[in-house]
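Below is one structure, written out as structure tokens; the observations come after it.
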Amino acid sequence: MKKNDVEIIKITDYSTEGFGIGKALDGMTVFVPNSAIGDEAEVLIVKALKKFCFGKILNIVTPSPDRIDSDCEVFLRCGGCCYRHIDYSSELKAKKKRVFDAVNRIGGIDTEVNDCLSNGKITRYRNKGQYPVRKDGNGNITAGFYSLHSHRVIPCDDCILQPSEFSEIVKVCVEFFKKFNISAYDEESGKGPVRHIYLRKSDFEGKIVVCIVINGESLPNSKELVSALKKLYFVSGVVLNINLKKNNVILGDRCKTLYGKDYITETLLGVKFNISPLAFFQVNREMTEILYKTVAEFAEPEGKNILDLFCGAGTIGLTMAQKANKIIGVEIVKSAVENAENNAKINNIENAEFYCDTAEKAAERLAKKGIKTDVVILDPPRKGATFDLIATVCNDFSPEKVVYVSCDPATLARDLKQFGEYGYDCKKVQPIDLFPRTSHVETVVLLTRNEK
Ligand code: SAH
């Protein structure tokens with residue numbers, strides 16, 4: 001296939017990004033956005049590479065039975081969702097298959113994968129919104145979401161994954177920027193003060209903390225912004241985050257509180273958590289409870305010593321602390337560790353301690369100290385665990401169980417392979433949909449030490 005060729009393609013699978021995949025007559029793999037398994041479509045090749053190409057649907061000859069009408073105006077222009085055109089049960093099947101394929105092909109592990117868990121809530125499930133603020137084509141300041149694979153901002157009045165209050169806050173902020181002629185950050189030059197509007201909502205309080213990420217030490221006329229935001233009854237705090245770095249990372253490492261509370265208070269499985277802007281917190285609270293229940297089911301924490309690596313604000317470990325003998329948490333972000341320590345206190349939990357360090361260094365140090373652990377929980381960021389960390393966990397701690405929580409099936413599968421080489425068998429694989437309508441899927445895996 002070459003660019004501008006047209007062929008009828010049958011879609012048989014989804015890519016990790018949620019594009020439909022089919023084969024052309026010459027055997028070439030074709031990725032087709034907005035297509036569904038079961039579609040037969042006339043496809044125009046828009047980009048051809050050596051081993052695969054990208055196509056665009058010109059005309060659907062036979063539509064997939066999974067197809068539904070998308071309910072979002074910016075679907076596929078915005079890089080957020082990829083499954084708004086298929087019914088949700090088909091999306092869950094696709095996510096289960098994605099995890100299965102990764103574990104089997106990349107991990108080389110022959111194992112069953114459970115059906116993807118979900119509570120069925122596919123709109124307004126997010127508690128966090130991150131809106132890049134940029135200049136649009138007409139030079140006006142705007143906020144929205146990045147389009148796929150680019151930093152072009154697609155304005156979106158009301159994203160139905162987020163709480164409806166978020167759009168009101170974004171509107172107030174953009175009006176404020178316009179009124180005071182405050183310009184947007186420009187990624188190329190690294191100039192311009194306003195980078196992102198970053199919002200977090202607590203279901204428990206029904207309140208939102210507004211964080212404006214700025215490229216500078218202060219925001220001009222910020223008192224006016226605070227007084228405009230205070231008029232919204234659901235705003236409990238306004239914070240500036242200082243990010244002077246010329247990179248893609250959203251948050252800088254310092255915050256200044258302008259008004260009210262700088263953290264949200266949330267509950268998970270009956271445990272209360274204060275979460276500051278720089279601490280990680282899962283974006284889908286209801287599904288996080290299902291995630292943590294699954295982790296506890298796999299870990300069986302009763303009377304056990306548990307090492308919670310990549311612990312964020314201590315959430316996984318603290319929801320198990322009542323049953324466990326001892327929890328040790330490790331996390332690299334200082335304010336998350338401060339949150340974790342305080343979260344233990346406010347819940348009267350006395351058998352948990354937390355260290356601010358990299359998981360790699362802390363694991364080595366704790367192992368040298370002779371700390372014994374029955375269960376290791378690993379919840380690394382998307383890039384997964386390092387080779388050395390897995391070696392330390394298996395060789396120095398050799399816990400009976402490892403519970404691996406992953407947000408990327410590919411790095412998970414790579415890591416499971418290494419665990420296998422170190423004598424850990426993959427016993428249960430449970431995909432959990434924390435991110436309906438998007439390509440993302442969370443997975444919890446139970447590994448147990450084999451006798452060999
Ligand atoms: N278990 C937590 C957080 C998971 S997200 C929860 O469920 O909320 C992954 C966490 O790992 C983040 O908090 C991130 O700050 C932290 N992190 C990233 N790299 C790390 C490293 N090398 N060592 C320790 N923590 C790290």
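Nothing fancy with the numbering, it's 1 onward along the sequence. Remember, it's 1-based here, ligands and their atoms both numbered in the order they're listed.
Inter-residue side-chain proximity for Thr315 and Thr288 is flagged as unmet; no heavy-atom pair is nearer than 4.5 Å. By the 4.5 Å heavy-atom criterion applied to side chains, Cys159 and Phe145 are counted as neighbours.
Within the 4.0 Å heavy-atom criterion, neither part of Phe273 lies near ligand 1. Neither the backbone nor the side chain of Ala362 comes within 4.0 Å of ligand 1, counting heavy atoms alone. Of all the heavy atoms of Val330, none lies under 4.0 Å from any atom of ligand 1, so neither backbone nor side chain is involved.
Glu360 OE1, 3.3 Å is the protein heavy atom nearest to atom 22 (N) of ligand 1. Given atom 12 (C) of ligand 1, the protein heavy atom at minimum distance is Glu331 OE1, 3.5 Å.
Between atom CG of residue Asp136 and atom CZ of residue Arg152 there is a gap of 11.5 Å, rounded to the nearest 0.5 Å. To the nearest 0.5 Å, atom SG of residue Cys211 and atom CD1 of residue Ile250 are 10.5 Å apart.
Checked by distance only, ligand 1 and Val333 stay at 3.5 Å or farther apart across all their nitrogen or oxygen atoms.
Here the shortest heavy-atom distance to atom 9 (C) of ligand 1, taken over Ile377, Ile332, Ile316, Asp379, belongs to Asp379.
Using a cut-off of 4.0 Å between Lys/Arg side-chain N and Asp/Glu carboxylate O, Asp13 and Lys97 are scored as salt-bridged.
Heavy-atom distances between Ala336 and ligand 1 stay at or above 4.0 Å for every pair. In this structure, Val405 does not count as a contact residue of ligand 1, since none of its heavy atoms falls inside 4.0 Å of the ligand. Residue contact annotation: Thr315 has a non-hydrogen atom under 4.0 Å from ligand 1.
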After noting the C-alpha distance and the side-chain angles of Tyr83 and Tyr14, does the key distance pass the ring-ring contact (aromatic ring centres under 6.0 Å, His included) rule? CA-CA 10 Å; Tyr83 287 129; Tyr14 294 111; 5.5 Å; yes

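Taking the six-membered ring for Trp and the full ring otherwise, the centers of Phe75 and His85 sit less than 6.0 Å from each other.
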